Amino acid sequence: MLGKFFQKPTGEDAMRVPPGQHLASGFPVLTYGETPQVDTNTWEFRVWGSVIPKVFTWDDFMKLPHSEFTADFHCVTRWSKLDVKWTGIKVTDFIKAIEVERLVKHVMEHCYGGYTTNISIDDLLREENFFAFNLFGEPLSAEHGGPMRLVVPHLYAWKSAKWINGLEFLGSEELGFWERNGYHKRGEPWAEERYSS
Ligand SMILES: Nc1nc2c(c(=O)[nH]1)N[C@H]1C(S)=C(S)[C@@H](COP(=O)(O)O)O[C@H]1N2
Ligand SMILES: [Mo]
């Protein structure tokens with residue numbers, strides 16, 4: 001019994017929903033712990049590690065090119081939402097504003113509130129990934145990660161860090177919060193990379 005909030009995908013949608021997932025009718029909120037209240041006046045975004053360290057204010061960050069995105073969203077707890085509409089900044093545009101050391105293979109995403117999640121540089125630097133500040137035409141709400149979150153559509157959504165405030169470029173792979181607690185290191189939904197074995 002799935003109930004009225006989670007439906008089995010039908011028709012065309014069935015092809016777009018990874019194995020073991022159901023469609024959510026709304027946009028559920030999934031947060032571990034408290035929701036940080038982050039003010040854009042004091043917001044900062046840092047890069048450190050194997051990179052020339054740099055701190056962006058909200059205004060610095062918003063000067064980067066803005067783009068519109070439509071992306072599917074897959075939570076490892078088995079709900080998916082198709083065609084989520086965002087406005088944001090492409091990761092591939094952001095990366096041009098910093099100087100990452102060559103040969104870096106791994107990155108840690110850091111957030112207000114202390115959440116972390118690891119990602120490989122190849123998974124991070126994909127054209128379709130973005131930092132989001134609008135959701136369905138409205139400023140991104142705090143519960144969905146506002147004022148700024150990362151969205152990585154091709155991996156389970158625990159990699160899409162809410163309240164993101166930094167990227168740490170790593171010399172070797174480290175594990176983030178859920179990855180240390182049994183989730184898969186990569187989390188590719190079509191391969192059902194849910195848990196580490
Ligand atoms: N900082 C932070 N980011 C996070 C989480 C979190 O608990 N804290 N939860 C992750 C998980 S498990 C999912 S499914 C998505 C949920 O995003 P939503 O609440 O906007 O649906 O955010 C991800 N990013
Ligand atoms: Mo999730």
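Nothing fancy with the numbering, it's 1 onward along the sequence. Bear in mind the structure is a predicted one, so any value in this text is a computation, not a measurement.
- At a cut-off of 3.5 Å, with distance as the only test, a side-chain donor of Glu179 or Thr117 sits close to an acceptor on the other residue.
- Contact check for Trp79 versus Pro28: side-chain heavy atoms found under the 4.5 Å cut-off.
- Within 6.0 Å of atom CD in Glu99, 12 or fewer heavy atoms from other residues, nucleotides or ligands are found, so the atom counts as exposed in its surroundings.
- Residues Ile164 and Ile119 are members of one and the same hydrophobic cluster, defined by side-chain heavy-atom contacts under 4.5 angstrom among Ile, Leu, Val, Met, Phe, Trp and Tyr.
- Residues Lys85 and Glu68 are not paired through a salt bridge, judged by the lack of any N-O separation under 4.0 Å between the basic side chain and the carboxylate.
- Only one option out of Tyr112, Phe131, Trp58 pairs with Phe45 in a ring pair (Phe, Tyr, Trp, His ring centres under 6.0 Å); it is Phe131.
- A donor-acceptor pair is defined here as one N or O able to donate and one able to accept, closer than 3.5 Å; no such pair exists between the side chain of Trp190 and the backbone of His154.
- Taking the centre of each ring, Trp43 and Phe56 stay at or above the 6.0 Å mark.
- Contact of the Met62 side chain with the Met148 side chain is registered, since non-hydrogen atoms from C-beta on lie closer than 4.5 Å.
- Between Ile95 and Val100 the shortest side-chain heavy-atom distance falls below 4.5 Å.
- Using a 4.5 Å heavy-atom threshold, the side chains of Trp86 and Val151 count as touching.
- At least one donor-acceptor pair closer than 3.5 Å links the side chain of Asn129 to the backbone N or O of Asp123.
- Arg46 places no side-chain N or O within 3.5 Å of a backbone atom of Gly166 that could act as its donor or acceptor partner.
- Using a 4.0 Å cut-off between charged side-chain N and carboxylate O, Arg16 and Asp83 make a salt bridge.
- In plain terms, the two heavy atoms of Pro18 and Ser80 that are nearest each other are CD-OG, 4.2 Å.
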>> The test is side chain to side chain contact (heavy atoms under 4.5 Å, CB included); show your working for Asn165 and Glu44 and say whether it passes.
In response: CA-CA 6 Å; Asn165 69 357; Glu44 282 184 341; over 6 Å; no
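- Of the options Tyr115, Phe177, Tyr32, a side chain to side chain contact (heavy atoms under 4.5 Å, CB included) to Trp158 is made by Tyr115 and by none of the others.
- Checked by atom type and distance alone, the side chain of Lys162 pairs as donor or acceptor with a backbone atom of Leu30 at under 3.5 Å.
- The shortest non-hydrogen separation linking Glu143 to Trp163 is O-CZ2, 4.1 Å.
- A donor and an acceptor atom, one from each side chain of His110 and Thr116, are nowhere located under 3.5 Å apart.
- In the hydrophobic cluster analysis, where Ile, Leu, Val, Met, Phe, Trp and Tyr join through side-chain heavy atoms closer than 4.5 angstrom, Ile52 is grouped apart from Val55.
- Summarising the geometry, atom OG belonging to Ser196 is positioned 11.0 Å from atom OH belonging to Tyr183; distances are rounded to the nearest 0.5 Å.
- Here CD of Glu138 is found 10.5 Å from OG1 of Thr87. Values are rounded to the nearest 0.5 Å.
- Distance check, rounded to the nearest 0.5 Å: CZ of Arg78 to CD of Glu192 gives 6.0 Å.
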> What do the steps show when you test Tyr156 against Gln21 for side chain to side chain contact (heavy atoms under 4.5 Å, CB included), and what is the final call?
Replying inline: CA-CA 11 Å; Tyr156 283 122; Gln21 297 291 111; 4.0 Å; yes
>> Assess the residue pair Val47 and Phe94 against the criterion (side chain to side chain contact (heavy atoms under 4.5 Å, CB included)); give the C-alpha distance rounded to whole Å, side-chain angles, the decisive distance to 0.1 Å, and a yes or no.
In response: CA-CA 11 Å; Val47 295; Phe94 170 76; 3.9 Å; yes
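- Minimum heavy-atom separation, Leu170 to Met108: CD1-N, 3.9 Å.
- Cluster annotation: Val84 is not connected to Ile89 through the hydrophobic network of ILVMFWY side chains, with a link wherever side-chain heavy atoms come within less than 4.5 Å.
- Atom OG in Ser172 sits 12.0 Å away from atom NZ in Lys105 (nearest 0.5 Å).
- Checking side-chain atoms of Asn181 against main-chain N and O of Trp178 turns up no donor-acceptor pair under 3.5 Å.
- Gln37 has its side chain within reach of Thr35: a pair of non-hydrogen atoms, C-beta onward, lies under 4.5 Å apart.
- Scanning both residues, Ser50 and Val104, for their nearest heavy atoms gives CB-CG2, 3.4 Å.
- In this structure, the separation between CG on Leu135 and CZ on Phe69 is 13.5 Å, given to the nearest 0.5 Å.
- When atom types are taken as modelled, the side chain of Asn118 and the backbone of Gly176 share a donor-acceptor pair closer than 3.5 angstrom.
- Tracing side-chain contacts under 4.5 Å through hydrophobic residues (I, L, V, M, F, W, Y), one reaches Leu124 starting from Leu64; they form part of the same cluster.
- In plain terms, the two heavy atoms of Lys159 and Val152 that are nearest each other are O-CG2, 4.0 Å.
- Arg194 approaches Pro19 most closely through the heavy-atom pair NH2-O, 3.1 Å.
- Looking at Glu188 and Arg186, no side-chain N of the basic residue comes within less than 4.0 Å of a carboxylate O on the acidic one, giving no salt bridge.
- In this structure, Arg126 CZ and Leu155 CG are separated by 7.0 Å, a value rounded to the nearest 0.5 Å.
- Note: Phe133 and Phe61 fail the aromatic proximity criterion, with ring centroids not under 6.0 Å apart.
- For the pair Trp48/Phe169, no side-chain contact is recorded, criterion being any heavy-atom separation below 4.5 Å from C-beta on.
- Checking side-chain atoms of Arg149 against main-chain N and O of Ala132 turns up no donor-acceptor pair under 3.5 Å.
- Both Ile98 and Leu125 are part of a single hydrophobic cluster, where members link through side-chain heavy atoms under 4.5 Å apart.
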